[in-house]
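One structure is given below, encoded as structure tokens.
Reckoned from all heavy atoms, side chains included, excluding hydrogens, waters and symmetry mates.
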Amino acid sequence: MVHLRLSATQERLRSLWQYGHTSKDPETPSSGTIPGLANLGNTCFMNSVLQCLLNTPGWLAEACQTFKDPSLEIVASSSARGAALGRGFAELVREYNNSEGELSRTNVPLKNMKAAIAGLDKQYEGCEQQDAYEFLGCILEGLEENFRGLF
């Protein structure tokens with residue numbers, strides 16, 4: 001049997017990949033309301049996708065916290081714009097989980113997330129209505145690229 005050596009980053013990600021592992025205990029009922037996301041100008045499509053990703057049980061939100069580790073360098077195959085997406089999502093996760101109400105229009109992580117997505121795809125730069133499904137595809141592809149850049 002061959003044993004692979006994992007880097008510290010890979011080990012952290014592997015530890016998150018356990019069946020049924022979530023940051024919120026699914027057996028404990030919620031003690032309040034789910035935080036909302038402010039509309040930054042026709043961003044309902046973005047908010048609905050982000051709400052789904054931020055509240056989906058599993059390891060995605062926790063795995064994205066690895067992007068905030070200052071000792072990590074995302075390898076050259078991942079662009080600086082793509083790296084901003086991973087770091088932006090990690091910051092939004094932290095802010096969202098510490099919030100007890102709506103994240104306001106002036107919330108920096110929410111604005112940074114919109115800017116990071118706009119950096120990947122120019123169609124998200126303005127304040128026009130967009131398709132939520134296409135936005136989901138864009139954000140997931142960007143995060144996948146970031147995770148690949150860690151290895």
Side-chain angles (χ1 to χ4, degrees), residues 4-24 26 34-151:
L4 299 175
R5 292 195 84 128
L6 300 177
S7 70
T9 302
Q10 291 169 327
E11 186 60 40
R12 277 183 276 170
L13 287 173
R14 187 194 64 77
S15 71
L16 294 173
W17 188 263
Q18 296 173 5
Y19 178 75
H21 176 78
T22 62
S23 62
K24 299 173 185 171
I34 294 174
L37 301 174
N39 192 325
L40 301 177
N42 274 337
T43 58
C44 296
F45 69 94
M46 179 180 86
N47 291 354
S48 64
V49 169
L50 290 176
Q51 285 280 14
C52 289
L53 292 175
L54 291 166
N55 290 290
T56 299
W59 57 270
L60 177 63
E62 291 151 345
C64 286
Q65 293 301 317
T66 59
F67 296 124
K68 293 300 289 178
D69 188 339
S71 67
L72 291 178
E73 288 291 327
I74 297 179
V75 296
S77 67
S78 179
S79 68
R81 293 176 308 178
L85 176 65
R87 290 187 181 104
F89 190 73
E91 186 63 28
L92 182 62
V93 167
R94 187 190 62 73
E95 185 82 13
Y96 185 83
N97 287 337
N98 292 329
S99 176
E100 292 186 15
E102 180 175 290
L103 298 183
S104 72
R105 293 177 62 91
T106 60
N107 184 274
V108 174
L110 187 57
K111 285 183 166 186
N112 289 346
M113 190 67 202
K114 184 178 183 314
I117 286 290
L120 291 178
D121 191 333
K122 299 293 182 200
Q123 78 176 2
Y124 301 112
E125 271 185 345
C127 293
E128 298 174 15
Q129 290 181 347
Q130 302 292 338
D131 184 79
Y133 182 74
E134 289 178 14
F135 178 78
L136 175 63
C138 183
I139 194 171
L140 291 178
E141 285 177 13
L143 290 172
E144 179 183 26
E145 180 181 323
N146 279 207
F147 282 119
R148 284 185 183 168
L150 290 175
F151 300 106

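Between the side chains of Asn112 and Glu91, no donor-acceptor pair of N or O atoms lies under 3.5 Å. Inspection of the Gln51 and Asn55 side chains reveals an N or O donor paired with an N or O acceptor under 3.5 Å.
Looking at heavy atoms from C-beta onward, Lys114 lies out of side-chain contact with Tyr124 at the 4.5 angstrom threshold. Looking only at side-chain heavy atoms (C-beta outward), Met113 and Leu85 come within less than 4.5 Å of each other. Residues Phe89 and Leu50 are in side-chain contact: their nearest non-hydrogen atoms beyond the backbone lie under 4.5 Å apart.
With rounding to the nearest 0.5 angstrom, the OG1 atom of Thr106 is 6.5 Å from the NZ atom of Lys111. Separation of atoms CD1 (Ile139) and CG (Leu120) is listed at 9.0 Å; rounding is to 0.5 Å. For the atom pair OG of Ser99 and CG of Asn107, the computed distance is 8.0 Å after rounding to the nearest 0.5 Å. A distance of 12.5 Å separates CD1 of Ile117 from CD of Glu125, quoted to the nearest 0.5 Å. The structure places CG of Leu140 at 13.0 Å from CD of Glu145, a figure rounded to the nearest 0.5 Å. Distance CD/Gln129 to CZ/Phe45: 9.0 Å, rounded to 0.5 Å.
Around atom CD of Glu128, no more than 12 heavy atoms belonging to other residues, nucleotides or ligands sit under 6.0 Å away.
The minimum heavy-atom distance linking Leu136 with Leu53 is given by the pair CD1-CD2, 4.3 Å.
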message = side-chain contact (heavy atoms from CB on, under 4.5 Å), that's the test. Do Leu110 and Met46 meet it? Break it down for me.
response = CA-CA 10 Å; Leu110 187 57; Met46 179 180 86; 4.1 Å; yes

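In this structure, Asn146 contributes its side chain and Gly142 its backbone to a donor-acceptor pair below 3.5 Å. A distance-only check finds a donor-acceptor pair linking the side chain of Gln130 to the backbone of Gln123 [under 3.5 Å].
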For a quick test of your reading: what N or O donor-acceptor pairs under 3.5 Å do the side chains of residues 34-43 make, sequence neighbours left out?
residue	atom	partner	partner atom	Å
Asn39	OD1	Gly41	N	2.8
Asn39	OD1	Asn42	N	3.0
Asn39	OD1	Thr43	N	3.0
Asn39	OD1	Thr43	OG1	3.1
Asn42	ND2	Cys127	O	2.9
Thr43	OG1	Leu40	N	2.8

